[in-house]
Amino acid sequence: MTKTVREAKVVDIEKRRYPSKHYVYVVEVTWSEGTQTVIYRRYSAFFEFQCGLLEKFPIEAGSKNPVDRCIPFLPGKILLGRSNVLSVAEKRRVGINEYCQTLIRLPSKISDDPYVTNFFEITPEDINPTLKKDKDA
């Protein structure tokens, strides 16, 4: 049986400085077999994921009829100004947490889809974040 996400909570935000200044959302993930993991995702990763999800499930995205939409909305992208500041990350944190909570409670056709579960899987970047290399090394 394939494991599925049972809970996903944004518990914090962290500033990263490499390769450029940005914030990541710290997400605690509880899996169907009882294990817990922690992943780190940039807003851009959530945005790309959301675009793919809407494309993969057009009916549930409301593409045909907005009344049919059940896929949650992601907090908006910053078009002007600096999006890598703490205040922006903090404002998005609540919305991204709500997004994750709603997403995993969708019908299993969506919430248990490999596209969704893969997004919440640990990546090499989660285990060993890219750190700025020492100039003398």
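For the numbers below, each heavy atom of this structure counts, side chains included, while hydrogens, waters and symmetry mates do not.
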Considering non-hydrogen atoms only, spot the tightest contact between [X] and [Y] and give its length.
| X | Y | answer |
| --- | --- | --- |
| Val5 | Thr117 | N-CG2, 4.3 Å |
| Thr2 | Ser32 | O-OG, 4.4 Å |
| Leu103 | Ser111 | O-CB, 3.7 Å |
| Tyr99 | Phe73 | CD1-O, 3.6 Å |

If the test is side chain to side chain contact (heavy atoms under 4.5 Å, CB included), which one of Val38, Val11, Ile96, Val10 qualifies with Val27?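 Among Val38, Val11, Ile96, Val10, the one meeting side chain to side chain contact (heavy atoms under 4.5 Å, CB included) with Val27 is Val10.
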So among Leu74, Leu106, Asp113, Ile110, which one has a side chain to side chain contact (heavy atoms under 4.5 Å, CB included) with Leu53?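 That would be Ile110.
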Taking [Y] as the starting point, is it possible to reach [X] by hopping between hydrophobic residues whose side chains are less than 4.5 Å apart?
| X | Y | answer |
| --- | --- | --- |
| Phe57 | Leu54 | yes |
| Val24 | Ile127 | no |
| Val94 | Val26 | no |

Checking the side chain of [X] only, and the main-chain atoms of [Y] only, is there a donor and an acceptor separated by less than 3.5 Å?
| X | Y | value |
| --- | --- | --- |
| Tyr25 | Arg92 | no |
| Glu60 | Pro107 | no |
| Asp126 | Thr123 | yes |
| Asn97 | Arg93 | no |
| Arg41 | Phe120 | no |

Nearest 0.5 Å, please: how far is [atom2] in [Y] from [atom1] in [X]?
| X | Y | atom1 | atom2 | result |
| --- | --- | --- | --- | --- |
| Ile59 | Asp68 | CD1 | CG | 7.5 Å |
| Glu90 | Asp12 | CD | CG | 9.5 Å |
| Cys100 | Lys9 | SG | NZ | 12.0 Å |
| Lys56 | Cys51 | NZ | SG | 15.0 Å |

Quick one, Lys15 with Lys21, criterion side chain to side chain contact (heavy atoms under 4.5 Å, CB included). Give me CA distance, side-chain angles, the key distance, then yes/no. CA-CA 7 Å; Lys15 186 172 190 173; Lys21 288 182 187 174; 4.2 Å; yes
Quick one: are the ring centres of Tyr43 and Tyr23 less than 6.0 Å apart?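 No: the rings miss the under 6.0 Å criterion.
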Check: Phe119 ring centre within less than 6.0 Å of Phe46 ring centre: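 So the answer is yes for these two rings.
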Do Trp31 and Thr37 have a side chain donor and acceptor closer than 3.5 Å?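 Looking only at side-chain atoms, Thr37 and Trp31 do form a donor-acceptor pair, the distance falling under 3.5 Å.
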Do Arg42 and Tyr40 form a cation-pi contact, if we require the NZ or CZ to be under 6.0 Å from the six-membered ring centre and within 45 degrees of the ring's axis?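 Relative to the ring axis of Tyr40, which defines the angle, Arg42 lies outside at least one limit.
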Between the side chains of Glu14 and Arg16, is the shortest nitrogen-to-carboxylate-oxygen separation below 4.0 Å, so that they form an ion pair?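 Salt bridge between Arg16 and Glu14, a charged N being under 4.0 Å from a carboxylate O: yes.
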Could you tell me if the side chain of Thr4 sits less than 4.5 Å from the side chain of Val116, heavy atoms only?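 Side chain of Val116 against side chain of Thr4, heavy atoms only: no contact under 4.5 Å found.
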Return yes when atom CD of Glu7 has more than 12 non-hydrogen atoms of other residues, nucleotides or ligands closer than 6.0 Å, and no otherwise.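 Atom CD in Glu7 is crowded, with more than 12 foreign heavy atoms closer than 6.0 Å.
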